[in-house]
Undergrad: 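Okay, here's the structure, questions in a sec.
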Amino acid sequence: MRRYAIRIFAEDLVGWVPLVCVVTMTSTLVGICVSQAVWTSSPAFAEATRAARLDLTGFQAVSVTIYAEVALIALFALTAVGSATVRRCHSTFAQWRLVGATPIQVRVSALSVAGLASAIGSAAGSLASLPLSSALVPAFDALAAEGFSGGLGSFEPPAFDVGALAAPLAFAVSWPTCMAGAILPALRTGRVAPVDFLRKTGADTGRSRAGTAARRVLSGLLLGLSLAILALGALLGGNGVGAVVNGIVSAGILATLAVFAAGVEGVRLATRAAGLIPRTLGDAVGHLAAREAIEEIERDSHAVVPLAAALGGGSTLLCAARCLEEVLSRLGLPAELNYADVLVLFGLAAAFALATALATVALFGGDDARRQALLRTLGLTRGDTVRLIAWRSLILALSAALLGLMPALVAALAGATLLQAVWGFAAFQPCLDVFATALPVLWAALFALQHARLACPLAQSPAAVLRGWRLDR
């Protein structure tokens with residue numbers, strides 16, 4: 001069954017390119033960390049640190065810390081991509097089960113598809129990381145300097161040289177990192193039933209009702225814990241700025257995890273709310289786009305949840321920083337904070353989330369082409385189809401923003417409550433400017449990708465598109 005992984009890839013190569021790009025981006029960052037770790041472990045670098053009387057572990061900790069952050073973010077992103085891949089290949093796997101394939105064979109095939117994508121992306125990222133590692137040496141040194149009381153002092157690093165084994169070593173580290181997120185979704189494909197092919201539906205991707213109920217309970221529990229921090233903060237107060245910042249971050253992160261755990265159920269509520277806009281405006285095409293979004297909620301959730309988690313988590317960090325700035329300002333201390341670390345982490349999470357969403361949307365371009373062709377046979381013009389894509393992209397972006405707004409509001413309420421309990425004043429910082437900036441960016445990116453994927457089918461007649469579409473289910 002492994003040979004069919006290449007055929008699945010070759011049938012819609014363009015649709016797999018964004019997914020491979022996500023893996024390449026992950027592998028590039030992992031490769032940079034590996035190259036820096038190899039360089040800082042060299043005898044020449046150790047001699048340079050001894051000459052400057054600096055601790056070598058301070059430099060090595062930078063690459064390890066960044067790798068841990070990249071691996072954690074990539075785990076969530078690639079898990080979403082892996083789930084979307086399983087959803088995309090659901091009808092194919094059900095057809096295999098119908099003709100006699102065993103669950104183990106289906107799992108092996110799913111792992112082969114994920115392994116092929118990870119191998120291609122990891123190889124490209126490992127090669128790209130070598131020149132980028134050399135260019136980012138000053139940035140790593142600057143991060144390491146923050147851990148020394150006197151900075152780098154007289155430290156002069158040796159010439160950057162990681163040897164011939166850097167790229168293979170980067171591949172050896174990045175490929176398992178990328179595969180980690182795809183293992184559970186791939187193993188879940190063994191639950192695909194043969195009858196699913198006859199039902200002509202891919203709604204069931206192997207998730208049991210017990211699993212769905214467990215996700216609802218977990219989401220409610222996490223949200224309840226985040227709200228409990230508000231009550232405890234108001235009752236117990238705290239001691240200093242640390243208690244405020246820790247409380248805000250804890251409440252916001254718990255609420256973000258609640259959004260992630262809610263999954264499809266949370267996206268369904270947000271999509272229904274976003275769909276009220278075209279209905280209120282009386283736009284028939286927009287109303288049709290909203291109905292499409294509800295029908296494809298299982299598919300779209302793989303794109304919306306990572307975006308919402310990135311917006312919610314990033315807003316939480318910014319809320320904590322702004323509340324800290326407010327405290328310093330009230331105390332008459334210098335309130336000019338350096339947001340570089342927060343913005344870098346936020347930007348990294350946002351880049352992964354956006355790349356994940358685009359990769360997920362691109363996987364289903366063939367299904368969208370057939371759907372648009374059918375709608376055009378029923379009377380939609382090319383202009384109406386473009387408007388439909390625009391409305392669909394807007395609804396996806398709004399759904400992500402609405403879901404991400406919940407952790408932002410929880411963090412802001414936590415900040416206001418804790419500031420009132422500890423310092424005697426309240427400051428509500430929901431970071432709405434983040435959402436005002438992110439919404440048009442998300443809308444434009446999603447629209448550009450979907451329009452590009454459907455440009456060729458739109459240029460053809462509906463009959464030509466339907467004739468060229470191969471019946472997979």
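Just so it is clear, the structure is predicted and the values come from calculations on it, not from any experiment.
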Undergrad: For R387, give me all partners under salt bridge (Lys or Arg N to Asp or Glu O under 4.0 Å), at least two apart in sequence or on another chain.
TA: D283, D384
Undergrad: Between T28 and S129, is there a side-chain donor-acceptor contact under 3.5 Å, judged purely by atom types and distance?
TA: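 Not at all, the side chains of S129 and T28 share no donor-acceptor pair under 3.5 Å.
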Undergrad: If you draw a 6.0 Å radius around CD1 in I104, do more than 12 non-hydrogen atoms from other residues or ligands fall strictly inside?
TA: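 Count not over threshold, so no.
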Undergrad: Salt bridge (Lys or Arg N to Asp or Glu O under 4.0 Å) with E292: which residues, sequence neighbours excluded?
TA: R392
Undergrad: Test: ring-ring contact (aromatic ring centres under 6.0 Å, His included). Region: residues 243-284. Which pairs qualify, not counting sequence neighbours?
TA: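 The answer is F76-F260.
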Undergrad: Side chain to side chain contact (heavy atoms under 4.5 Å, CB included) for L403 and L269? Distances and angles first, verdict last.
TA: CA-CA 9 Å; L403 275 181; L269 293 176; over 6 Å; no
Undergrad: Do any N or O atoms from the side chain of R382 and from the backbone of L458 form a donor-acceptor pair under 3.5 angstrom?
TA: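 Judged by distance alone, yes, a pair lies under 3.5 Å.
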Undergrad: Kindly indicate whether the side chain of V245, heavy atoms from C-beta on, has any atom under 4.5 Å from the side chain of L418.
TA: no
Undergrad: Would you call R268 and D300 a salt bridge, using N to O less than 4.0 angstrom?
TA: no
Undergrad: Side chain to side chain contact (heavy atoms under 4.5 Å, CB included) with R279: which residues, sequence neighbours excluded?
TA: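 Scan of R279 (side chain to side chain contact (heavy atoms under 4.5 Å, CB included), adjacent residues dropped) gives L276, H287.
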Undergrad: Among residues at least two apart in sequence or on other chains, which ones pass side-chain hydrogen bond (donor to acceptor under 3.5 Å, both in side chains) with S27?
TA: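 Scan of S27 (side-chain hydrogen bond (donor to acceptor under 3.5 Å, both in side chains), adjacent residues dropped) gives S122.
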Undergrad: Provide the closest heavy-atom pair for F171 versus A119 in the form atom of the first, atom of the second, distance.
TA: CE1-O, 3.6 Å
Undergrad: Using a 3.5 Å distance criterion without hydrogens, assess whether the side chain of T377 forms a donor-acceptor pair with backbone atoms of L374.
TA: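 At least one qualifying donor-acceptor pair exists.
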Undergrad: For F447, does its backbone N or O pair with a side-chain atom of Q450 as donor and acceptor, under 3.5 Å?
TA: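 Answer holds: no.
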Undergrad: I'd like to know if the side chain of R376 reaches the main chain of L380, judged simply by a donor and an acceptor atom lying under 3.5 Å from each other, with no hydrogens or angles considered.
TA: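 Pair absent, no side-chain N/O of R376 close to backbone of L380.
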Undergrad: By salt bridge (Lys or Arg N to Asp or Glu O under 4.0 Å), which residues pair with E295, not counting sequence neighbours?
TA: none
